[in-house]
Amino acid sequence: MKLSFWTYEGPAHFGAIRIAASMRGVHLLLHSPQGDTYADLLFTMIEREGRRPPVTYTTFQARDLGSSTAELVLATARDACERFKPDVLLVTDSCTAELIQDQPGTLVGGANMSTPVISVEMAAYSRKENWGASETFFQLVRGLLASKVPAPGEEPAPRPEGQRPSVNLLGPTLLGFRCRDDVKEITALLDSVGVDVNVVAPLGASAHDLQRLPLADANVCLSPEVADSACEWLTRNFRQPLIRTVPIGVKATDDFLQELATVLNLPIDIEQASPSRLPWYSRSVDSTYLTDKRVFIFADASHAVAAARIASSELGFEVVGLGTYSREQARSVREAARELGLEPLITDDYLEVERHVAELRPEMILGTQMERHIAKRLGIGCAVISTPAHVQDYPARYSPQMGYEGANVIFDTWVHPLMMGLEEHLLRMFREDFEFNDSAAPSHLEEGEATLRDMPTTDVGVGKLTWDISAEKELKKIPFFVRGKARRNTEEYAQGAGLQVIDVETLYEAKAHFSR
Ligand code: SF4
């Protein structure tokens with residue numbers, strides 16, 4: 001048992017619903033108790049889809065447990081096929097159904113349905129939403145293509161003369177982060193360098209489209225959380241090369257094009273293809289004050305890794321913490337953290353994340369909706385860079401994260417929560433101003449948004465420490481966005497020196513100690 005108030009991911013069968021809802025002609029039969037239909041709201045209210053997700057729930061109740069729930073599964077499957085006439089019926093169970101072990105996939109698969117049935121086993125008590133999406137997509141791709149796998153030694157047919165090379169874009173789904181616009185951006189980028197998109201999947205694809213996957217020259221894995229397993233299976237069985245660079249950020253997009261050029265043997269002039277305004281904006285003098293801003297990053301693995309690279313090498317921030325809740329993809333985050341000399345934070349416990357943020361006292365957080373709540377409580381500026389996200393991160397306007405336009409969007413989004421340079425400078429000089437003072441929010445934000453508060457003393461082992469009045473006064477002279485760090489360092493120093501009272505002298509000794 002684990003006491004949990006917030007979770008970063010839903011149960012594994014949510015992943016299956018995301019795949020079915022993203023596609024056309026695919027229907028999901030979900031063996032689940034009455035009440036599980038709440039998942040529909042994620043699609044109709046957060047994604048604001050104009051249709052219900054294509055899911056039929058068995059919705060068994062307590063009284064059904066006394067009779068045959070297996071019969072209920074079969075009857076519901078037949079009804080769903082008759083009513084919705086899907087091209088493929090996916091079958092899986094929810095957490096509660098897993099306990100009663102009806103094995104709905106095997107049952108429906110053996111019932112001579114006229115609709116092809118693909119069964120997905122969920123490991124509801126050990127896995128979560130992204131794994132569920134990945135497993136469902138993988139089983140769907142394998143189920144539809146297993147009979148087309150070429151015999152050993154059989155060479156793939158060469159691309160017809162004069163036909164442009166093409167790739168599949170794999171991984172985008174509904175309820176992913178900005179997938180709709182990322183697909184548009186990457187499709188346009190590929191087109192600009194002479195590459196076509198064969199199939200985008202799961203988002204918008206049909207079962208027939210999945211059967212065309214082997215026709216592409218390579219697969220682009222845009223979301224490793226969802227498409228890693230399917231991509232690897234395609235590489236193993238159809239010998240399709242895999243492009244792994246996730247093109248988020250200017251440098252990653254350059255690398256993506258470089259990888260594309262190598263894999264497809266194409267001459268791509270990357271300098272020519274690079275129209276993002278981010279490099280010039282971040283080099284312009286107005287961005288000088290961004291240098292070394294202390295930032296904490298926590299997200300799904302692919303967005304965390306991309307954000308760490310952009311923050312450290314494109315915007316000049318100092319990344320002080322990096323982590324993910326995606327255990328399956330944690331390796332890439334570990335590597336990125338190692339390169340930055342950090343200890344990675346791999347956890348799905350938001351309280352642990354909050355403890356880390358409180359300890360590190362960054363000037364900005366790049367995270368999920370959860371970190372937005374944490375940031376609000378601690379009064380730190382925050383930008384959302386990954387799921388889980390609320391409705392405002394499924395915007396009406398064009399807002400990709402990928403490609404060169406994605407980099408423009410990222411620059412604006414990340415800089416927005418920070419205090420602007422002139423204001424930050426004035427605050428250092430005139431602390432007592434009635435309007436622009438230490439406790440005021442950045443003036444370009446609404447009141448209450450991202451107000452960096454003077455953080456409280458850490459409670460870890462500092463119970464006996466007291467700040468004398470003159471030291472508190474001196475501390476207040478330190479600009480508010482680094483004051484938290486100064487407070488923590490001084491307390492750490494005082495503890496190490498066995499002091500119980502912090503006076504002005506201790507403050508300066510600590511400063512000298514840490515700047516050595
Ligand atoms: S089956 Fe799982 S997701 Fe559905 S209500 Fe029960 S615990 Fe929640």
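By convention here, the first residue in the shown sequence is residue 1. First listed ligand is number 1; within each ligand, the first listed atom is number 1.
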field: Within residues 78-92 or reaching into it, pairs that qualify as side-chain hydrogen bond (donor to acceptor under 3.5 Å, both in side chains) - sequence neighbours excluded
entry: none
statement: Any protein N, O or S atom under 2.8 Å from atom 2 (Fe) of ligand 1? Found Cys95 SG
task: Check whether any heavy atom of Tyr38 sits under 4.0 Å from an atom of ligand 1.
output: yes
- prompt: Do NZ/NE/NH1/NH2 and the carboxylate oxygens of Arg294 and Glu363 come within less than 4.0 Å?
  reply: no
query: Is Arg178 salt-bridged to Asp393, cutoff N-O under 4.0 Å?
result: yes
- request: Run the salt-bridge test on Glu343 and Arg334 with the 4.0 Å N-O cut-off and return the result as yes or no.
  value: no
query: Could you give all pairs that pass the salt bridge (Lys or Arg N to Asp or Glu O under 4.0 Å) test and reach residues 88-106, with sequence neighbours left out?
result: none
- prompt: Got a sec, which pairs hit salt bridge (Lys or Arg N to Asp or Glu O under 4.0 Å) with one end in residues 120-148, sequence neighbours left out?
  reply: Arg18-Glu129, Arg127-Glu328, Lys128-Asp348
